Amino acid sequence: MLNQLLVKPAQRTLNTSHLYHPKPRFCLQLTTVAESPPPPEDATVAKLVLESDPKSLAETLSNYSFKWTPNLVDNVLKRLWNHGPKALQFFKHLDRHPTYIHSTSAFEHAIDIAARLREYNTAWALVGRMRGLRRGPTPKTFAILAERYATGGKAHRAVKVFLSMHEHGCHQDLNSFNTILDVLCKTKRVEMAYNLFKMFKGRFKCDSVSYNIMANGWCLIKRTPMALQVLKEMVERGITPTMVTYNTLLKGYFRCGQLNDAWEFFLEMKKRKCEIDVVTYTTMVHGFGVAGEVKRSKRVFDAMVKEGLVPSVATYNALIQVFCKKDSVQNALLVFEEMVGKGYVPNLTTYNVVIRGLCHSGEIEKGLEFMKRMEEHGCKPSVQTYNVVIRYYCDDGELEKGFELFEKMGNGTCLPNLDTYNILISAMFVRKKSEDLVVAGKLLIEMVGRGFLPRKFTFNRVLNGLVLTGNREFANDILRMQSRCGRILRNVKL
DNA sequence: TTAGGGTTAG
């Protein structure tokens, strides 16, 4: 039934339902796709890891003659980035390999993944293991750990990581100090960073980078006066502000909606004969534009060119985004074509901005054309690209087209992430059909199987939906899965 | 992975 619902009957169809699944959990059909070249080896391995039951992973992989190299392992781990438990199972399997030894970078990937899953004990065990093998830890290892602690809401632990570096045989220097400051600032723990900064600025002989990091931190939490204070202090200590310092403050003004102050600051920079650079202009184009001042934004862009500065791809991206958001996609496309005409190579951001703009104005098919165009030009659509188009298809009631793209992701080289699943699951509630809710339940099972932890809200929503549509038994299955869910992450021990 | 400019919805 579901198959018929989600497919246009006249189309030639082919059942591929989740090629990387041991058994199809649900059958969605999609139109025939063109023959594509064989996937790279790391994609094949990633697919096998995703498909295999953890217990049979070793056996599965031994059926193939992969030649394990640091590069291959790194790429597999990168691909499995959104599938943490699976990635760690793979890492663990190779950790027992008779001849292959994990590289520093493989360890750091694994540590990053474990810490992202908040498996801090696992992460530290890996640090110990890499030390035992004399593969680290390196300053980068600690930067990763600190960042994961900070983004996991454990800023104090992040600071501790930095303070304990030397105990793990890793020297603390100005670079690592700047890194911890930046990690804290980027996670909005600016006060904490500032305290640390005040405490150690003498010991590590803080440089302009440290000051710039702090100024940016205050700007990120919209406390520009404090950023100015940092600038003042910097000058008092005889450290010359750089273009980064000025551009940071300029961006800070825009972030606070202080357009006039931003403009004044820019004039002041000019007056003082600052070497105004492409970043300054890009900040202005974006700042004025997203604040609704499209004409001003375009004037700045033109002024830049007139002054002989060459716009970067980022400058074009800013302008294109401004047109998409505050003007029209048609004008944005004109800028896009102008950019291409001048020999620029649009990047992932360019395409994502354009595709989002098109979808937003109801031109999803045209967005899809751009997706093809980017692929033809060697720019692989990212999971965000897919998510945008899938979302708009679903919003438009074109569920089958959304699923078609979802299938394409699974078959190809761009694995779905948590957002992808959430988008699709939400879409399953629109038609209020029993069959759709069963799909939602199956998606939920699939995402858990791949190591994503759905929010409680998602579980409850699907459960309620199933119960209301008379799928009580299936709801019970899901309920049992939910209770197992908490244990899934804990089961991955190294 | 020591700092600044372009992607994200409701």
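As the structure is a prediction and not an experimental result, all values here were calculated from the model. Just so you know, these numbers use all the heavy atoms, side chains as well, and skip hydrogens, waters and symmetry mates.
- For the pair A:Ser208 and A:Thr242, the tightest heavy-atom approach, listed with the atom from each and the gap, is OG-CG2, 4.1 Å.
- Aromatic rings of A:Phe197 and A:Phe204 (six-membered ring for Trp) have centroids beyond the 6.0 Å cut-off, not under it.
- A:Val278 comes within contact range of at least one nucleobase, with a heavy-atom separation under 4.0 Å.
- Note on A:Met284: nothing from the nucleic acid sits closer than 4.0 angstrom, heavy atoms only.
- Heavy atoms of A:Thr248 sit under 4.0 angstrom from primed sugar atoms or phosphate atoms, though from no base atom.
- Dense packing is recorded around NE2 of A:His168, with more than 12 heavy atoms of other residues, nucleotides or ligands lying under 6.0 Å away.
- Within 4.0 Å (heavy atoms only), A:Thr385 reaches no atom of the nucleic acid at all.
- Annotation: the span from A:Leu249 atom CG to A:Phe265 atom CZ amounts to 4.5 Å, rounded to 0.5 Å.
- Among the protein residues, A:Thr315 comes within range of the nucleic acid bases, having at least one heavy atom under 4.0 Å from a base atom.
- Interface remark: the A:Thr283 side chain does not form any donor-acceptor pair with the B:dG5 base, using a distance-only criterion of under 3.5 Å.
- Residue A:Asp173 is classed as having no contact, given no heavy-atom separation below 4.0 Å to the nucleic acid.
- Within 4.0 Å of A:Asn347, counting heavy atoms only, lies at least one base atom of the nucleic acid.
- On a pure distance criterion of 3.5 Å, no polar donor-acceptor pair joins the side chain of A:Thr280 and the base of B:dG5.
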